Protein chains: 4
Amino acid sequence: MTAPDAADLKRDQILAAASRVIAERGYHATNIADIARELGAGHGTFYRYFKNKHDIAVQAVDRAMRRIAEALADEPPEVATSLDEYRAQVTRIAHRLFDLVIAEPVVARLFFFEAAAINRERAERFHAALDDLGSFTAAYIRNGQRRGFLRAEVDPEVIGLALNGVILAGAARMLRVSDPAAERDRWVDSVLTLMFHGLAS
Amino acid sequence: MTAPDAADLKRDQILAAASRVIAERGYHATNIADIARELGAGHGTFYRYFKNKHDIAVQAVDRAMRRIAEALADEPPEVATSLDEYRAQVTRIAHRLFDLVIAEPVVARLFFFEAAAINRERAERFHAALDDLGSFTAAYIRNGQRRGFLRAEVDPEVIGLALNGVILAGAARMLRVSDPAAERDRWVDSVLTLMFHGLAS
Amino acid sequence: MTAPDAADLKRDQILAAASRVIAERGYHATNIADIARELGAGHGTFYRYFKNKHDIAVQAVDRAMRRIAEALADEPPEVATSLDEYRAQVTRIAHRLFDLVIAEPVVARLFFFEAAAINRERAERFHAALDDLGSFTAAYIRNGQRRGFLRAEVDPEVIGLALNGVILAGAARMLRVSDPAAERDRWVDSVLTLMFHGLAS
Amino acid sequence: MTAPDAADLKRDQILAAASRVIAERGYHATNIADIARELGAGHGTFYRYFKNKHDIAVQAVDRAMRRIAEALADEPPEVATSLDEYRAQVTRIAHRLFDLVIAEPVVARLFFFEAAAINRERAERFHAALDDLGSFTAAYIRNGQRRGFLRAEVDPEVIGLALNGVILAGAARMLRVSDPAAERDRWVDSVLTLMFHGLAS
DNA sequence: AATGAATGAGTATTCATTCAT
DNA sequence: CATGAATGAATACTCATTCAT
């Protein structure tokens with residue numbers, strides 16, 4: 001366990017400032033002068049800590065992707081032994097993600113709007129990460145099918161990606177509403193009903 | 001009804017060429033020279049038909065957004081009178097969207113990857129369009145609730161956006177697989193089950 | 001035989017302007033704005049004809065090296081059959097070089113002062129070119145030795161490089177005097193005496 | 001006579017380190033970080049002993065020019081009273097220069113390749129120094145002419161510069177060959193023959 | 001005295017846009 | 001109408017120099 005030194009701190013400050021600016025204006029509309037102004041430092045200072053503009057953006061985005069993935073993939077997919085346990089697990093995951101989005105909109109904006117915006121190579125990586133999240137969700141589904149509390153006839157990979165879509169739509173929504181806490185609860189209720197019991201009355 | 005003249009044709013050719021290039025390389029990585037090469041014409045020609053690079057991209061993206069919205073919102077939300085009719089309607093809509101994505105990947109890529117990439121103002125517009133689609137889907141849900149064949153306790157707006165998320169995740173998936181027709185059928189089957197009956201066994 | 005088109009002409013104009021500025025200020029002190037000003041054109045124009053500043057300088061210097069080498073190596077080393085013929089040949093070569101230096105000081109300055117100044121790689125190339133010129137001069141010496149009108153005991157390669165040194169010292173001198181034509185004649189007289197008969201009285 | 005204190009020593013160490021790096025990479029490709037690394041000290045240390053990068057380079061080059069000039073101009077031009085004495089003198093001078101080049105390639109490279117590379121003002125100074133060396137050599141010639149053992153009809157200034165050219169070509173050669181001691185002897189033999197007796201057989 | 005983190009002036013290069021032909 | 005040569009505003013990046021510690 002090494003103590004973070006002054007250089008690491010400075011690095012983090014720059015990364016935080018760059019994250020704010022990129023989240024605010026978008027990667028392509030952000031220039032080095034904007035980041036310098038946000039931090040209150042000279043341009044040259046960045047280039048002591050980051051190779052170039054692309055490098056800063058990639059690290060900001062990667063950090064955001066890691067934070068989001070951690071919120072979504074924090075617990076093992078095999079532990080739920082009943083529908084109720086799984087429902088509780090899904091509820092926890094949804095709350096974790098939504099709370100992260102509400103507490104750190106910069107992280108969320110980097111993930112949703114900038115991760116794929118830097119260039120083609122980064123977009124591919126973003127989609128690969130979404131596929132991974134889908135596969136991770138699929139593992140939960142498979143666990144439920146194996147244990148008999150989830151329908152056997154659905155395709156776990158398809159459902160994994162579909163639920164990804166639902167949860168990402170919800171998270172993106174949290175960024176756009178004035179009272180995100182209320183919105184979060186409306187989402188969790190309705191989506192859990194949809195997910196477990198369907199819309200048919 | 002005016003007949004399309006030569007100028008309109010040329011315009012469409014340029015728009016098609018620009019769409020292909022932007023879908024291929026992304027808005028920010030595309031330059032006028034790329035589009036000129038794709039069309040086999042001089043740079044100056046664009047500026048006779050479009051105000052500037054931003055203008056071309058906006059029109060290409062708007063056209064793509066219109067095509068996707070048409071596929072999703074082709075039929076009136078109030079016509080289904082039973083669960084079976086609604087299920088058939090949903091199936092038709094999903095097929096229309098997926099088939100469009102498969103047949104015209106350029107349109108799909110513009111919608112999914114470029115609509116929000118041009119600048120902040122366009123990103124807002126893209127999200128507003130997604131919200132509109134969500135409201136449109138919500139109208140179907142409300143119709144089903146009013147007629148009694150869909151659960152009354154779910155929030156139609158939430159479900160509208162959530163189903164948006166599912167269908168967009170599916171459509172994005174179609175762009176990334178080698179056999180999209182098979183993928184489409186897997187998706188429709190599993191997602192309809194999820195949507196109407198839920199995952200609980 | 002293709003006619004030079006407008007693009008070739010423009011290229012040559014830019015190369016000439018860059019040559020003048022680089023000869024005047026030196027490669028490292030020259031910036032693109034200087035060259036633009038000299039030609040009366042925008043910066044961007046250069047980048048239509050040359051890859052970058054390095055590329056312009058290399059082409060200017062290479063052209064200068066070719067012109068100097070042509071002046072020095074214009075006639076075959078084996079033709080002189082007697083001392084008088086060789087002396088006439090040396091006189092012609094010296095005059096050609098000195099006249100070139102006098103008529104085109106820009107070419108001369110590029111050769112003497114800039115060819116090795118761009119970077120290490122170009123300096124190596126410059127010294128390799130000097131070695132080649134030395135070997136070429138050595139061929140004249142060997143011809144004279146074979147035919148018996150030049151001393152057999154001197155090392156042709158050494159003499160080739162030594163005479164290079166003499167002639168380059170003279171050419172560099174032409175660039176620095178106010179009456180180069182008179183200087184040229186003084187040089188040719190004294191150096192021919194040195195070269196063929198030595199200093200010992 | 002003041003004893004060199006610690007500060008003078010440090011100064012010399014920095015000058016030596018800078019000389020090595022500049023000789024290795026060239027003035028314009030050398031940056032302060034390179035010199036700091038070579039010395040194992042911080043950037044700021046230089047600025048306690050030298051005004052700036054230009055100042056360090058100028059002092060390194062000036063020292064090299066002094067060392068070369070000392071080797072060439074170590075003995076008075078008037079002492080030789082006969083051809084044999086002069087020939088011995090020339091031989092000594094050539095050996096001194098060549099041995100210096102072989103023993104201290106850093107000094108030689110600074111003199112040959114960097115003295116004129118810093119900027120125009122330094123290039124002028126370098127050429128003025130070469131002119132001075134030429135005048136110094138001319139004094140030897142004039143001594144020989146006065147005493148009657150060298151040809152009266154050659155122009156001493158021209159011959160001074162021409163012999164400069166020969167000896168510099170030779171010294172530059174020493175830097176480029178794998179066995180410089182053998183090369184030195186080949187040069188001295190052939191060049192003395194050329195110089196005193198000429199090439200005509 | 002020594003250091004090296006911080007700085008920002010300076011510069012090469014790109015590329016959307018114009019307009020003379 | 002069509003062209004593409006010319007343009008220069010805009011911007012990322014470097015590196016000599018300073019100065020607080």
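So that the names make sense, note that chain A is the first sequence line, chain B the second, and so on, each numbered from 1. None of the values given here were measured: they were computed from a predicted structure.
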**Student:** Just the rounded figure in Å: distance from C1' of dC15(E) to CD1 of Ile35(B).
**Tutor:**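 Rounding to the nearest Å, CD1 of Ile35(B) and C1' of dC15(E) are 12 Å apart.
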**Student:** Return no unless some side-chain N or O of Lys10(B) is found under 4.0 Å from OP1 or OP2 of dC1(F).
**Tutor:**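 The answer is no; no side-chain N or O of Lys10(B) sits under 4.0 Å from OP1 or OP2.
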**Student:** Is the shortest distance from a Lys or Arg side-chain nitrogen in Asp8(A) or Arg11(A) to a carboxylate oxygen in the other one below 4.0 Å?
**Tutor:**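 The answer is no: the pair does not qualify as a salt bridge.
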**Student:** What integer distance in Å separates Arg11(B):CZ from dC1(F):P?
**Tutor:** 13 Å
**Student:** Between C1' on dA2(E) and CD on Gln13(D), what's the gap in Å once rounded to a whole number?
**Tutor:** 14 Å
**Student:** Where do Arg120(D) and Glu114(C) land on the salt bridge (charged side-chain N to carboxylate O under 4.0 Å, His left out) test, with the steps shown first?
**Tutor:** CA-CA 11 Å; Arg120(D) 272 295 119 103; Glu114(C) 303 307 324; 2.4 Å; yes
**Student:** What closest approach, in Å, do Phe126(C) and Met65(C) show between heavy atoms, and which atom pair accounts for it?
**Tutor:**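 Scanning both residues completely, I find the closest heavy atoms to be CA-CE, 4.0 Å.
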**Student:** Under 6.0 Å between ring centres: does that hold for Phe112(D) and His127(C)?
**Tutor:**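 Ring-ring flag for Phe112(D)/His127(C): false, centres at least 6.0 Å apart.
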**Student:** When you look at CD of Gln13(A), are more than 12 heavy atoms from neighbouring residues, nucleotides or ligands closer to it than 6.0 Å?
**Tutor:**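 Yes - once you tally the heavy atoms of other residues, nucleotides and ligands closer than 6.0 Å, there are more than 12.
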**Student:** Using a cut-off of strictly less than 4.0 Å between a heavy atom of the residue and any atom of DNA chain F, enumerate the qualifying residues of residues 40-56 of chain A by number.
**Tutor:** His43(A), Tyr47(A), Asn52(A), Lys53(A)
**Student:** For Asn31(C) and dT11(E), give me the distance from atom CG to atom P, rounded to whole Å.
**Tutor:** 5 Å
**Student:** List DNA chain F stems (3 or more consecutive Watson-Crick/G-U pairs, under 3.5 Å)?
**Tutor:**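 So the stems come out as E:2-21 with F:2-21.
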**Student:** Could you tell me the separation between the OH atom of Tyr27(D) and the C1' atom of dC15(F), rounded to a whole number of Å?
**Tutor:**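 So the OH-C1' distance, Tyr27(D) to dC15(F), works out to 12 Å.
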**Student:** Can you measure from CD1 (Ile56(A)) to NE2 (His54(A)) and round to the nearest 0.5 angstrom?
**Tutor:** 11.5 Å
**Student:** Once you round it to whole Å, what is the distance between P of dA2(E) and CG of Leu39(D)?
**Tutor:** 10 Å
**Student:** Can you tell me how far apart CZ (Arg122(A)) and CG (Asp62(A)) are? Round to the nearest 0.5 Å.
**Tutor:**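 It comes to 4.0 Å.
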**Student:** Mark yes or no for whether Lys53(A), through its side chain, and Thr30(A), through its backbone, hold a donor-acceptor pair below 3.5 Å.
**Tutor:** yes
**Student:** Inspect the surroundings of CD in Glu104(C) and state if more than 12 heavy atoms from other residues, nucleotides or ligands are less than 6.0 Å away.
**Tutor:** yes
**Student:** Let me know the distance between CZ of Arg37(D) and P of dT3(E), rounded to the nearest Å.
**Tutor:**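 In whole Å, dT3(E) P lies 15 Å from Arg37(D) CZ.
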**Student:** Quickly work out the His28(B) NE2 to dT14(E) C1' distance and round it to whole Å.
**Tutor:** 15 Å
